[in-house]
Amino acid sequence: MKISGSQLFWIINLTSNTSYIVLSPALVQGRQDAWIVLLIAATISLGLTFLMSRVSLMLAGKGMVQFNQELFGKWFGTFVTLLYFVVWFSIMVVRFRDWVDYVYLALLRSTPVYVTLGLTVVFVLYMTTRGGLKGIGRFGEVVGPLFVLTMVIPLLMMPNALDWNQLLPLYVNSGWNNILQGILACVGQFSSPAMTLFMIAQFVANPQHLRWVPMWGIGLMSLWTAVGAIVCVLYVGAYLAPRCTLPWLTYIKSINILEFVQNIDVFSSFVWALIHPLGIAIWLFITSYGISEWWNTKYWKAIAVVLCVAACVCALLTLRMTHFTTIVRQTILVPWVLPVNMIGIPLLMWIVGSWKIRTKRMRPWSAPTH
Amino acid sequence: MVEPNKRALWTGSAIDLSPDGRIQASAQILVPGAIGGKGTSKSVQYIVKTGIGTSVFDAIHNLQEQTSRQTFIGHRIAVFVGERMAKRGIQEYMDELERNPDSNLRANIFLVKGTDAKEFFKLTAELEGYTTKVATQAAQYSDINTNNLKVTRFVNTALSNGQRPFMQVVEFQPASETGESQREQSLVESGFNVHEIGLFNHNTQLVGYLNGDEADYAAWVAGALQKTVLTTYVEQGQGTVSLDLFRVGRSVRSEVRDGKITVRVTLTGRGIIRENNSKLNMLLPKDVEYVKQAFDQSTKRQTEQVIAKVQKDYGTDIFGFGENIYRHHPLVWRVLQNDWDNRFKQVRTVVDVNLKVQLIGNKGPSVAIPERNT
């Protein structure tokens with residue numbers, strides 16, 4: 001079940017496809033300066049991805065569970081690992097909710113939620129259990145370019161809206177406080193896919209790919225988001241765009257070229273319907289495989305089935321919370337997951353790992369010598 | 001699951017003030033069999049339904065209860081606002097147009113002059129079958145850029161602090177006023193046009209209208225014009241020339257010094273001469289230059305008049321001068337914004353016009369001037 005470099009790229013790139021959701025906090029806090037918020041957030045995310053990819057390079061040979069136990073000792077190591085499992089599972093639940101909300105908002109208004117969820121579960125489970133990570137990676141290689149097309153082509157469809165004055169005034173109106181809050185929210189969303197590296201690392205055929213490929217994956221997606229923010233401000237308007245729940249969706253729904261090219265969202269929705277389950281499948285795979293490593297069993301597929309159904313039930317239970325994505329971002333992702341799972345622990349792992357390798361207390365990963 | 005034949009094809013909404021001061025939403029709903037097919041069929045092509053409620057969607061809900069099919073707003077291509085409603089202010093009733101996920105974000109928004117918007121639905125449209133289509137098509141081929149006539153743009157402008165929105169006006173004589181209430185009033189006889197624009201103030205209340213030519217110049221200054229036709233008398237040729245501008249643009253530069261605001265507007269355009277009733281020979285560069293200067297001067301004069309009229313009579317900044325100050329001098333704007341409607345009236349404007357005659361048409365000299373043998 002080894003994956004190639006391009007598969008790694010698409011897995012990371014497509015796991016961060018929540019970027020069109022990120023547009024909302026960036027626009028709310030930054031308004032016409034959203035692109036500044038997003039560019040700074042992208043830079044910080046690249047830094048975090050760099051950190052996490054270095055850590056994943058350290059644990060490339062053995063997997064996160066074993067690595068953490070070697071690093072922090074049996075109990076604390078397991079505790080650290082469990083922190084990640086909980087976060088990955090909760091991200092999976094959020095992704096399920098995202099998908100259900102989107103389907104309700106844009107596609108099927110009277111379909112019961114459990115039908116939408118059920119169909120997604122079947123797709124996700126099939127992808128995960130039949131193909132494993134390699135199957136997901138290959139699927140990513142097929143739909144990834146399609147996804148890029150549906151995201152990039154609409155960017156070019158604003159011929160009548162080139163009033164660049166909309167992007168003024170720069171900075172003055174937002175101030176540091178707003179921009180900083182926007183940056184935090186975006187960093188949380190941008191760099192969460194890098195956490196998957198801890199589990200994916202052991203499956204990468206050539207671990208050298210772990211050095212730069214994830215940074216390309218996340219960097220390109222966050223660059224796209226910055227451009228998307230500019231387009232939303234230009235087309236939807238600097239006043240209306242921050243009030244939209246999904247600004248990107250509002251933009252592609254209002255594309256109108258000569259009263260003829262319309263309803264572009266049809267194509268995007270079709271591709272999103274493929275990409276979203278892929279994103280869920282990755283979180284499901286790494287969580288269930290990690291748990292199977294922790295329990296020392298090889299029945300990760302059974303764990304995947306249980307976890308997937310459990311995530312569904314959680315998504316159903318959270319239905320009474322409106323706009324779940326925002327709630328989770330404000331209460332869990334930014335105040336807890338970002339400082340602990342994306343900054344604190346990776347930093348600790350990196351420092352302790354480097355120290356142990358230097359003092360020869362741990363065997364480092366070494367490139368194959370053939 | 002709703003099959004297409006169980007859906008009501010809701011093509012246009014009308015938002016009016018009901019007699020008891022609530023919201024009255026009307027829908028023009030198409031009768032699928034009668035549209036398309038044979039144009040000669042005399043059957044009913046659409047029906048008009050009306051619901052009353054405390055909000056727009058409440059009225060729509062009320063309307064559903066009178067309809068045999070499920071209403072679906074996704075097909076709505078235009079929203080019409082009645083004059084009484086517009087005068088009262090529509091700020092608080094715009095949310096449904098944007099929030100409702102069913103709503104078509106590409107819908108046009110129109111102001112119905114002189115009467116309730118619902119009356120427009122009752123006219124019979126000879127060419128297109130139903131009046132909503134007539135209005136949106138007319139808007140598409142009108143001089144104002146379609147993107148500026150959409151609900152989304154209107155709402156974004158209404159939300160802004162430094163610009164006031166305008167709407168394209170649908171004008172016609174309602175049946176009752178012409179005494180033809182007995183038989184169906186036809187659109188052609190009603191004098192339908194989309195010539196004017198209606199100006200709104202900062203509370204999104206209607207404050208006045210600008211007629212056709214004024215509307216074009218105002219839209220030009222606001223950056224909302226896509227094309228126009230100018231006709232002017234050229235002194236040197238002792239006759240009129242018509243210039244069809246196929247590309248127009250404008251740039252605005254604002255300056256605030258000692259509390260005095262100066263806005264410099266530069267109007268540009270490129271066009272083709274489609275009619276020449278003067279003695280000028282367009283093959284001569286000198287004569288074309290006369291034409292250009294005549295157009296520059298007349299455009300400058302009329303634009304200044306329109307800006308002055310809007311400043312003096314309506315005092316509502318549809319040109320976006322305030323928005324320009326906000327974008328280029330944000331710190332100054334913080335003070336100015338509190339009293340912008342009053343300050344807008346005192347803005348000194350300088351208009352520069354720079355038009356280009358790109359093409360002269362098929363003839364050099366005019367064929368309206370007979371040859372004189374010497």
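Every chain is numbered from 1 and lettered A, B, ... according to where its sequence line falls, protein lines coming before strand lines. Just so it is clear, the model here is predicted, and its values are computed rather than measured.
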* With a 4.5 angstrom heavy-atom cut-off, could you sort out which part of A/I255 is near chain B: side chain, backbone, both or neither? => backbone
* Asked: Any Lys/Arg nitrogen of B/D244 or B/K227 sitting under 4.0 Å from an Asp/Glu carboxylate oxygen of the other?
  -> no
* Where on B/Q226 is there a heavy atom nearer than 4.5 Å to chain A: the side chain, the backbone, both, or neither? -> neither
* Asked: Side chains of A/Y102 and A/S269: is there a donor and an acceptor less than 3.5 Å apart?
  -> yes
* **Residue part contacting chain A, namely of B/T146, when any heavy atom lies under 4.5 Å** => side chain
* Asked: Between B/R99 and chain A, which part of the residue has a heavy atom less than 4.5 Å away: side chain, backbone, both or neither?
  -> neither
* Structure fact -> Most contact-rich option vs chain A, by heavy-atom pairs under 4.5 angstrom, among B/T136, B/T152, B/N104, is B/T152
* Asked: Around atom CZ of B/F72, are there more than 12 heavy atoms of other residues, nucleotides or ligands at under 6.0 Å?
  -> yes
* **Contacting region of A/T250 [heavy-atom separation from chain B under 4.5 Å]** => both
* Under a 4.5 Å heavy-atom cut-off, does chain A meet the side chain of B/N148, its backbone, both or neither? -> neither
* **N-O pairing of B/E255 and B/R253 below 4.0 Å** => no
* Asked: Does any donor atom in the side chain of B/D341 or B/H202 lie under 3.5 Å from an acceptor atom in the other side chain?
  -> yes
* With a 4.5 angstrom heavy-atom cut-off, could you sort out which part of B/H329 is near chain A: side chain, backbone, both or neither? => neither
* Does B/E98 pair with A/K253 as a salt bridge, N-O distance under 4.0 Å? -> no
